[in-house]
Every structure is written in structure tokens, then in C-alpha cells.
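Count residues from 1 along the sequence.
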Amino acid sequence: MKRVIIPMFFYADNMMKFAFSKEFDDEDDFEAGFAIMGIPFDSTTSYLPGSRFGPKAIREASYNFEAYNLRFNTFLDTVSYDIGDIQVANGNYEATHPMITDTIKSVLDMNLVPIVMGGEHTITNGVLSAIFDYDEQLFHDLTIVHFDAHLDLRDEYLGEKYSHASVLKRIHEMNPKEIIQLGIRSAEYDELEYAKHSDNITFYTSYDIQDDKNSILKKLNEIESPIYITVDIDVLDPAYAPSVGTPASCGITPRDLEDMLSIISKKKTIGLDVVEVSSNMMGDSTSINAAKVIYDYLCLQSF
């Protein structure tokens, strides 16, 4: 049997662990599974700052859940390791980017699937850039399922090419197979036109989901390629997730999000991130709903 060498993650610090995660101090106990990590970066946030506190808030909220998932009638017995927070260079995404990519590639080398807690949405570019570098052919066969109130397809925002408002534009330029955007209800006209005229971008507004969710569930069920899931928690209406970088009214409900995730989480997924949690207090509904995304995703891996 091949001996697995447990590396020290150079850019990661140990903090409170996500609930139900395992330690991997002993190499003999190591199992393939999922690597949970935080990326506390929020330097391009344009409205409500504070998503650097998101990973801590999500971890705290994760202890509210039972090992048994009533909705899906399954136990959370999936193997996951919380490796801590990736170091960041505050105010400098380009310096932060290699810290993200190096850590993600180490995770992939260990046959672990990354689960990332943000942090602003810009960090998703670093995660997917690492997957691109690690296996370009896989990336070009990838469907990115993007939950968000915003398209995030601007070429730049406030002079920044790497911004929470341009992250999906940077990812689209790497040419994944398809991007499916869900819950959209805010867009600049130019990025809306960009999405409409791109062969591999499909978007559904929050109104589409509210009016005909079953058709969208059918579309998600038809995905056959590997999937990467990115969840900007502002996809939820501010009634359910008020502490986000850029809130937008008329959003979807946690039940809507749960229903859609229940479809794609059972498919072949190569990663998940949950971003834009700007909560710095215990019990905030934003962090509870964000933690539930990760909890449900892990529970559904046993199917």
C-alpha cells in the first residue's frame, strides 16, 4: 500500500475546526475525503466589509447541527479535515493568489476535495486557477454552478481586475465547459449582455427560481460533467442572510438553495466554496445558513 506523507500546509494556520472534521496527525489513520479551509480575504469589498471573519463565523455556526441530517435521512460520516486558514496578504489579491493556489494544489495531491470558506468572492478565482493548473483538461470539462445575487462578470470594478464583482469574468476567461448561474437579480447592462452572448453561460434569476423551480432542478439533474460549486451567500434574500458584502433584495430562500444543492451535491463534484459571509457575531443567520451549505454537502456525499 502506498504510504501517504502528511504535509505541513505552509500557508495554513490551525484554528477552531469545522464540526465533525477529523484530525490527521497520524499518517496511518489518513483517509481520502475533503479538506476544509478558510480564506479570510476581503480587500475589494465595496459595501459591507468583514468577510475576513466569515471562516470563523461559519465554523462556530457548524456546531449547531446534528450528525444525523433529518432532511436527507443520512448521517454525516464523510471524512473531512479542517486544515485551518490560508494566509493572505491583506489589500493585495495578487500576493494572496499564490498562497491559495499552492495550498489547493497540495490538497489535490493528497486526493482531497477542497471545501473553502470565505472571505470575499475573489478567492474563488484562486481555487479554480489551482484546479486549472493541476489538471487543465479536467477544468475544460468542468461545469461551474454559481449561486449569487450578482453575475460577477464585470471586466473590472473600481479599477480592480481581481474583484468580487469580476471573479466570474476571470474564471470564464479560463474556458470551463459551462457556467450555470443561479439566483441572479442584480447586473450591470454590459455584463448582462456578455452573459447573454456567451455560448457557455446560462443564468437563472431569483424570479425564475421562484416561478418555476422544477425546470431548474431538471436542468441541474441533467449535468453529466464534473461540477465545481461556488455559493455567494448573498444568493439568499437578506431576510435570511443580512450580513453579506453586497446584499440584494428579492432573493431565494434557504429551502430553494437546499433543493438545488441536493441535486448537484450527489454528482461528481471537485470542490465547493461558500463566500461573502460578513458576520462577526455568534448566532447570525448568515453564518448559520452558510454552515448548513457545507453540512448538507458533506451529508450528501454518502449517497
Side-chain angles (χ1 to χ4, degrees), residues 37-52 54-55 86 88-101 103-104 114-133 139 142-188 190-192 194-195 198 200-203 227-236 241 244-248 270-278 290 293:
M37 69 207 79
I39 307 180
F41 181 83
D42 66 353
S43 294
T44 77
T45 302
S46 55
Y47 181 68
L48 178 67
S51 58
R52 67 183 63 188
I86 296 176
V88 301
N90 291 319
N92 189 336
Y93 175 75
E94 292 190 19
T96 299
H97 182 86
M99 301 180 193
I100 298 173
T101 57
T103 305
I104 296 296
I115 297 176
V116 177
M117 303 175 291
E120 65 174 57
H121 211 162
T122 315
I123 65 174
T124 304
N125 179 68
V127 179
L128 283 168
S129 292
I131 293 170
F132 178 93
D133 291 343
F139 185 90
L142 193 62
T143 295
I144 297 166
V145 180
H146 169 220
F147 295 91
D148 205 319
H150 311 87
L151 286 172
D152 290 350
L153 287 169
R154 300 183 188 219
D155 188 55
E156 63 176 40
Y157 186 63
L158 299 177
E160 296 283 347
K161 295 284 284 187
Y162 294 99
S163 163
H164 69 95
S166 61
V167 58
L168 265 292
K169 181 66 176 297
R170 301 285 85 82
I171 292 166
H172 185 247
E173 289 170 345
M174 291 188 280
N175 196 29
K177 178 179 180 179
E178 185 176 13
I179 295 176
I180 300 174
Q181 301 181 285
L182 299 156
I184 305 301
R185 55 194 185 273
S186 177
E188 184 185 50
D190 287 348
E191 59 178 339
L192 181 63
Y194 181 88
S198 295
N200 60 344
I201 297 178
T202 305
F203 68 89
I227 297 171
Y228 181 89
I229 307 168
T230 176
V231 180
D232 184 330
I233 204 63
D234 74 18
V235 72
L236 297 178
V244 298
T246 316
I270 65 164
L272 164 72
D273 67 62
V274 183
V275 298
E276 297 289 347
V277 175
S278 297
V293 169

Determine whether a donor-acceptor pair (N or O, by modelled atom type, separation under 3.5 Å) exists between the side chain of Arg154 and the backbone of Glu188. no
Any Phe147 side-chain heavy atom under 4.5 Å of Ile229 side chain: yes
When rounded to the nearest 0.5 Å, the distance separating CD1 of Ile179 from OG of Ser198 is 8.0 Å
Determine the interplanar angle of the His164 and Tyr157 rings, folded into 0 to 90°, and report it as parallel if under 30°, tilted if 30 to 60°, perpendicular if over 60°. perpendicular
Can you tell me how far the CG atom of Leu142 sits from the CD1 atom of Ile171, to the nearest 0.5 Å? 10.0 Å
Does any N or O in the side chain of Ser43 come within less than 3.5 Å of the main-chain N or O of Gly91, such that one atom is a donor and the other an acceptor? yes
When Asp152, Asp155, Asn125 are each screened for side chain to side chain donor-acceptor pair (under 3.5 Å) with Lys169, the one that passes is Asp155
Over all atoms of both residues, closest heavy-atom pair of Pro40 and Val88: O-CG2, 3.7 Å
Gap between atom CG of Asp232 and atom CD of Glu276 - 0.5 Å precision: 4.5 Å
Closest non-hydrogen atom pair between Leu168 and Leu151, with its separation: CB-O, 3.7 Å
Any side-chain to backbone donor/acceptor pair from Asn200 onto Pro176? Under 3.5 Å, distance only. yes
So, His172 and Tyr194: side-chain donor and acceptor under 3.5 Å apart, yes or no? yes
Smallest separation among heavy atoms of Tyr162 and Tyr93, with atom names: CB-CD2, 3.5 Å
Any side-chain donor paired with an acceptor under 3.5 Å for His121 and Asp148? yes
Using a 3.5 Å distance criterion without hydrogens, assess whether the side chain of Glu178 forms a donor-acceptor pair with backbone atoms of Thr143. no
Taking every heavy atom of Pro55 against every heavy atom of Gly118, the minimum-distance pair comes out as CD-O, 3.5 Å
Could you check whether any side-chain heavy atom of Thr96 comes within less than 4.5 Å of a side-chain heavy atom of Thr122, counting everything from C-beta outward? no
Give the minimum heavy-atom separation between Ile233 and Ala241, together with the two atoms involved. O-CB, 3.7 Å
Hey, could you give me the CZ/CG distance between Phe132 and Asn175, rounded to the nearest 0.5 Å? 8.5 Å
Could you tell me if the side chain of Glu160 sits less than 4.5 Å from the side chain of Ser166, heavy atoms only? no
Could you tell me whether Glu173 atom CD has more than 12 heavy atoms of other residues or ligands within 6.0 Å of it? yes
For Asp273, all residues meeting side chain to side chain donor-acceptor pair (under 3.5 Å), sequence neighbours excluded: Thr124, Tyr228, Thr230
Minimal non-hydrogen separation, Val277 against Ala290, with atom names: CG2-CB, 3.5 Å
Is Asp42 reaching over with its side chain to a backbone N or O of Ser51, donor-acceptor style, under 3.5 angstrom? yes
Does His150 have any ring-ring contact (aromatic ring centres under 6.0 Å, His included) partners at least two apart in sequence or in another chain, and if so, which? none
How long is the span from the CG atom in Leu128 to the CG atom in Asp133, to the nearest 0.5 Å? 11.0 Å
Between the main-chain N or O of Glu120 and the side-chain N or O of Arg52, is there a donor-acceptor pair closer than 3.5 Å? no
Scan side-chain atoms only and decide if His146 and Gln181 contain a donor-acceptor pair under the 3.5 Å cut-off. yes
Mind running side chain to side chain contact (heavy atoms under 4.5 Å, CB included) on Phe41 and Ile86 for me, showing each step along the way? CA-CA 9 Å; Phe41 181 83; Ile86 296 176; over 6 Å; no
Side chain proximity check, Val116 to Met37, heavy atoms < 4.5 angstrom: yes
With rounding to the nearest 0.5 Å, note down the distance linking CG in Leu182 to CD1 in Ile184. 7.5 Å
Is there a donor-acceptor pair under 3.5 Å between the side chain of Arg170 and the backbone N or O of Lys161? yes
Taking side chain to side chain donor-acceptor pair (under 3.5 Å) as the definition, give me every residue that meets it alongside Asp190, ordered by chain and number, with sequence neighbours left out. none
